[in-house]
Amino acid sequence: MEMRLEVVQVPVSDVDRSKTFYTRTMGFVLDHDVEHIPGMRVVQLTPPGSAASIVIGTGMTGMRPGSLEGLQLVVPDLAALRRDLLGRGADISEIQDLGGVLFAHFSDPDGNRWVLQGQTPTAVRDAHTVSA
């Protein structure tokens, strides 16, 4: 049996403001923006290089805007991405080194909290690999 996580809903209060943030500031790709039925707008956005997308919109979730936290994006070069995003106007935290793995954080306009993780260096990954 195969299961793939492909879409995560992100609760927002202003769809257009959030769409602008995710596309212009964060560089996500707009997959579609449709109103399937009256009152249900679905905006699907995909981070560059990701197999999974997020969905923002109206009429889809009972989650409170800004209540989501912990979505994590893994990137090959966190320092370079952070510089790029700061240049686009994003508010990205300083980079933290947690045992050889780098992390930074940002929030969307509603306060949904995201984590950016630098790709785990081979030496760090190998140090935690259990030999069979």
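If you're wondering where the values come from, they're calculated on a predicted model, not measured in any experiment. Side chains are part of it too, since the values below use all heavy atoms of this structure and drop only hydrogens, waters and symmetry mates.
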Nearest atoms (heavy-atom pairs only) where S67 meets P11: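 Scanning both residues, the minimum pair turns out to be OG-CG, 3.9 Å.
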
Least distance between heavy atoms, G27 atom then P48 atom: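 What the structure gives for the nearest pair is O-CG, 3.3 Å.
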
Within the structure provided, determine whether [X] and [Y] are in side-chain contact (heavy-atom separation under 4.5 Å).
X	Y	value
R88	R24	no
V8	L71	yes
N112	V12	yes

Using the salt bridge (Lys or Arg N to Asp or Glu O under 4.0 Å) criterion, which residues pair with R17? Sequence neighbours excluded.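 Salt bridge (Lys or Arg N to Asp or Glu O under 4.0 Å) check on R17 returns D110.
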
By salt bridge (Lys or Arg N to Asp or Glu O under 4.0 Å), which residues pair with R83, not counting sequence neighbours?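 Partners of R83 under the salt bridge (Lys or Arg N to Asp or Glu O under 4.0 Å) test: none.
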
Run the side-chain contact (heavy atoms from CB on, under 4.5 Å) test against [X] and tell me which residues pass, sequence neighbours left out.
X	value
M40	I37, V42, M60
S50	T46, P47, A52
V74	Q117
L81	V75, L85, L116

As a quick check of understanding, evaluate side-chain contact (heavy atoms from CB on, under 4.5 Å) for V15 and T58, giving each step before the final call. CA-CA 8 Å; V15 177; T58 56; 3.8 Å; yes

Nearest-0.5 Å distance, [atom1] of residue [X] to [atom2] of residue [Y]:
X	Y	atom1	atom2	answer
D108	F21	CG	CZ	6.0 Å
S53	H32	OG	NE2	8.5 Å
L78	I95	CG	CD1	4.0 Å

Results of side-chain hydrogen bond (donor to acceptor under 3.5 Å, both in side chains) for D14 - residues two or more places apart only: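 D14: no side-chain hydrogen bond (donor to acceptor under 3.5 Å, both in side chains) contacts found.
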
Give me each pair satisfying salt bridge (charged side-chain N to carboxylate O under 4.0 Å, His left out) with a member in [range], each pair once, sequence neighbours excluded.
range	value
residues 26-35	K19-D33, D33-R41
residues 48-62	none
residues 90-102	R82-E94
residues 52-79	E69-R113

V43 pairs by side-chain contact (heavy atoms from CB on, under 4.5 Å) with which of V55, L30, V10, D16?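 Testing V43 for a side-chain contact (heavy atoms from CB on, under 4.5 Å) against V55, L30, V10, D16 leaves exactly one candidate, L30.
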
When you group the ILVMFWY residues by side-chain heavy-atom contacts below 4.5 Å and let the links chain together, are V7 and I56 in the same group?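 Each belongs to a different hydrophobic cluster.
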
If the plane angle is over 60° it's perpendicular, under 30° parallel, otherwise tilted; pick one for F28 and W114.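 Answer is perpendicular, since the angle exceeds 60°.
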
Hydrophobic cluster partners of M3 (side-chain heavy atoms under 4.5 Å):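 Members alongside M3: M1.
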
